[in-house]
Amino acid sequence: MGKMKAVGLYKHLSVEHPESLLDLEIDKPEATGRDLLIEVKAISVNPVDTKIRKSKGEEEEEPKILGWDAAGVVVETGPEVTFFKQGDEVYYSGSVARQGTNSEFHLVDERIAARKPESLGFKEAAAIPLTGITAWEALFERLGYKAEKGGNKGVRMLIIGAAGGVGSIAVQLASWAGFTVIGTASRPETERWAREMGADYLINHRESLSEQLKELDISEVDAIFCLNSTAEHWEEMVQSIKPQGSICSIVETDQKIDLSMLQQKSGKFVWEFMFTRSLFETDDMIKQREILSNLAQMLDEGTIRGTATETLSPINAEKLKEAHRKLESGKTIGKITLESFE
């Protein structure tokens, strides 16, 4: 068993602490079962990375490797692998229950990986998986709308946080699927980006959503996808949702949410957590491979576009700290990716 470079942590700390992320040399893993061993070419960062890094977890006995998005090349396959072979270029978001992708080599179950979009380089491809799966599952599974071009004409969808990583894909998918998309953004540059992604209307999530919708002559929306502060927007979402409408959120909260506020409207509230399938190894875990394959085809056909906006290199503790700082500023547009270990 050889060694490999990785970036990890022993203590859960502020990004400014010198030990928050460390350059490490750890054992290179071997593929067993349905696992692929991937030579990681590029990664991207997501809010979950920063949340786990600074969580109040106990000190780790073994180094914890963060990162879940990756694009790379299959270098070894477990004996039960059926979909891939050595040399295949793949992209994926790994399991939150396993070591992360901030390493030269990484193990991933073949059921949650797919062929990399041919039209994208590794760094562009690495920006897609976590956010793309999250958006797809939310729109077409949790909220239950049709995953087909123009299949949801006349349906009004409010996407709170339209310019971030998930928002950038969700707006595009919703636009393709025929929704009337009302996005939220709070700065001119994020507003421009959300319009580029396909938002029909834009409002500011720092002001009253219901009042701004009324100014657009939209008294209520059929569905809401919340990507920014569930508790903060709860009352406005309840006020703006149509009777029998649905709200989906990806943003955890330590504040209590009054679900009874939705009772009179017979409204539905549902969570989306893209790690659910891999964490619990659900019977339909392979669905994520199918979603990534669909997204790859849409990217190659130009139906949707990549969302990578900035790339840092090489992959090391210093550059990952820089990426974490940018994410924690709350001002990122699209996705930050990193490429190449040196």
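Being a predicted model, the structure only gives us computed values, none of them experimental.
At a threshold of 4.5 Å between side-chain heavy atoms, the hydrophobic network of Ile, Leu, Val, Met, Phe, Trp and Tyr places Phe341 and Ile26 in two separate groups. Under a hydrophobic clustering in which Ile, Leu, Val, Met, Phe, Trp and Tyr are joined whenever their side-chain heavy atoms come within less than 4.5 Å, directly or via other members, Val108 and Phe105 fall into different clusters. There is a path of hydrophobic side-chain contacts, each under 4.5 Å, that joins Ile128 to Ile333. Put simply, Leu299 and Val171 are part of the same group of oily side chains (I, L, V, M, F, W, Y) that touch within less than 4.5 Å, one to the next.
Minimum interatomic distance between Ser20 and Ser14 (heavy atoms only, all atoms of both residues): CB-O, 3.1 Å. The minimum heavy-atom distance linking Glu328 with Thr50 is given by the pair OE2-CB, 3.5 Å. Trp136 and Met298 get closest at one heavy-atom pair: CZ3-SD, 3.9 Å. In this structure, Glu272 and Cys248 approach most closely via the heavy-atom pair CB-SG, 3.7 Å. Of all non-hydrogen atoms in Ser229 and Glu232, the two that sit nearest each other are OG-CB, 2.9 Å. Scanning both residues, Leu338 and Pro314, for their nearest heavy atoms gives CD2-O, 4.4 Å.
In this structure Glu76 satisfies the side chain to side chain contact (heavy atoms under 4.5 Å, CB included) test together with Glu30, Ala31, Leu37, sequence neighbours excluded. Under the rule for a salt bridge (Lys or Arg N to Asp or Glu O under 4.0 Å), Lys153 has no partner lying at least two apart in sequence or in another chain. By the salt bridge (Lys or Arg N to Asp or Glu O under 4.0 Å) test, Arg98 is found to be paired with Asp35, residues two or more places apart in sequence or in another chain being considered. Evaluation of the salt bridge (Lys or Arg N to Asp or Glu O under 4.0 Å) rule for Glu110 yields Arg34 as partners, not counting sequence neighbours. Listed by chain and number, the residues in a side chain to side chain contact (heavy atoms under 4.5 Å, CB included) with Glu124 are Leu120 (sequence neighbours excluded).
Counting only N and O atoms by type, the side chains of His12 and Ser55 include a donor and acceptor under 3.5 Å apart. Between the side chains of Asn228 and His233, at least one donor-acceptor pair of N or O atoms lies under 3.5 Å. Inspection of the Thr253 and Thr230 side chains reveals no N or O donor paired with an N or O acceptor under 3.5 Å. Neither side chain, Thr77 nor Gln86, offers a donor N or O lying under 3.5 Å from an acceptor on the other. Judged purely by distance below 3.5 Å, without hydrogens or angles, the side chains of Ser240 and Ser210 never pair a donor atom with an acceptor atom.
Two residues are said to be in side-chain contact when any heavy atoms from C-beta on lie closer than 4.5 Å; Leu292 and Pro129 meet this criterion. Residues Glu89 and Val73 meet the side-chain proximity criterion, which asks for heavy atoms closer than 4.5 Å. Between Phe122 and Glu339, the closest side-chain pair of non-hydrogen atoms is not below 4.5 Å. By the 4.5 Å heavy-atom criterion applied to side chains, Leu21 and Leu66 are counted as neighbours. Put simply, the side chain of Lys335 reaches to within 4.5 Å of the side chain of Asp69, judged on heavy atoms. Side-chain contact check for Tyr92 versus Arg289: every heavy-atom pair is 4.5 Å or farther apart. Inter-residue side-chain proximity for Glu141 and Lys287 is flagged as met; some heavy-atom pair is nearer than 4.5 Å.
Using bins of under 30°, 30° to 60° and over 60° for the plane-to-plane angle, the ring pair Phe275/Trp68 lands in the perpendicular bin.
Because its NZ or CZ atom is both nearer than 6.0 Å to the ring centre of Trp193 and within 45° of the ring axis, Arg305 counts as a cation-pi partner of that residue.
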Give the C-alpha distance, both sets of side-chain angles, the deciding distance and a yes or no for side-chain contact (heavy atoms from CB on, under 4.5 Å) between Arg277 and Glu137. CA-CA 11 Å; Arg277 283 173 158 142; Glu137 287 184 345; 2.8 Å; yes

Can Val90 and Phe83 be said to form a side-chain contact (heavy atoms from CB on, under 4.5 Å), step by step? CA-CA 11 Å; Val90 299; Phe83 298 127; over 6 Å; no

Candidate pair Lys54 and His324, rule side-chain contact (heavy atoms from CB on, under 4.5 Å), full reasoning: CA-CA 10 Å; Lys54 65 186 178 184; His324 279 223; over 6 Å; no

Could you walk me through whether Tyr145 and Asp222 pass side-chain contact (heavy atoms from CB on, under 4.5 Å), step by step? CA-CA 11 Å; Tyr145 286 103; Asp222 300 277; 3.9 Å; yes

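By the neighbour-count criterion of 12 heavy atoms within 6.0 Å, atom NZ of Lys51 is densely surrounded, having more than that number from other residues, nucleotides or ligands. No more than 12 heavy-atom neighbours from other residues, nucleotides or ligands sit within 6.0 angstrom of CD on Glu118.
Between Ser340 atom OG and Ile43 atom CD1 the span is 10.0 Å, to the nearest 0.5 Å. Of the inter-residue distances, the one linking Gln239 atom CD with Lys214 atom NZ reads 5.5 Å to the nearest 0.5 angstrom. Of the inter-residue distances, the one linking Leu279 atom CG with Met274 atom CE reads 11.0 Å to the nearest 0.5 angstrom. Taking CG from Leu24 and CE from Met4, the interatomic distance works out to 10.0 Å, rounded to the nearest 0.5 Å. Atom CD in Glu207 sits 11.0 Å away from atom OG1 in Thr184 (nearest 0.5 Å). Annotation: the span from Leu22 atom CG to Asn316 atom CG amounts to 12.0 Å, rounded to 0.5 Å.
Using a 4.0 Å cut-off between charged side-chain N and carboxylate O, Glu220 and Lys265 make no salt bridge. The existence of a salt bridge linking Glu16 and Arg325 is confirmed by a sub-4.0 Å separation between a basic side-chain nitrogen and an acidic carboxylate oxygen. The pair Arg195-Glu191 counts as a salt bridge, with a side-chain nitrogen and a carboxylate oxygen less than 4.0 angstrom apart.
Between Glu310 and the choices Lys319, Lys123, Lys326, the salt bridge (charged side-chain N to carboxylate O under 4.0 Å, His left out) rule is met once, by Lys326.
Counting Ile, Leu, Val, Met, Phe, Trp and Tyr side chains that sit under 4.5 Å apart, directly or through other members, Leu209 shares a hydrophobic cluster with Leu158, Ile160, Ile182, Tyr201, Ile203, Leu213, Leu216, Ile218, Val221, Ile224, Trp234, Met237, Val238, Ile241, Ile247, Ile257, Leu259, Met261, Leu262, Phe269, Trp271.
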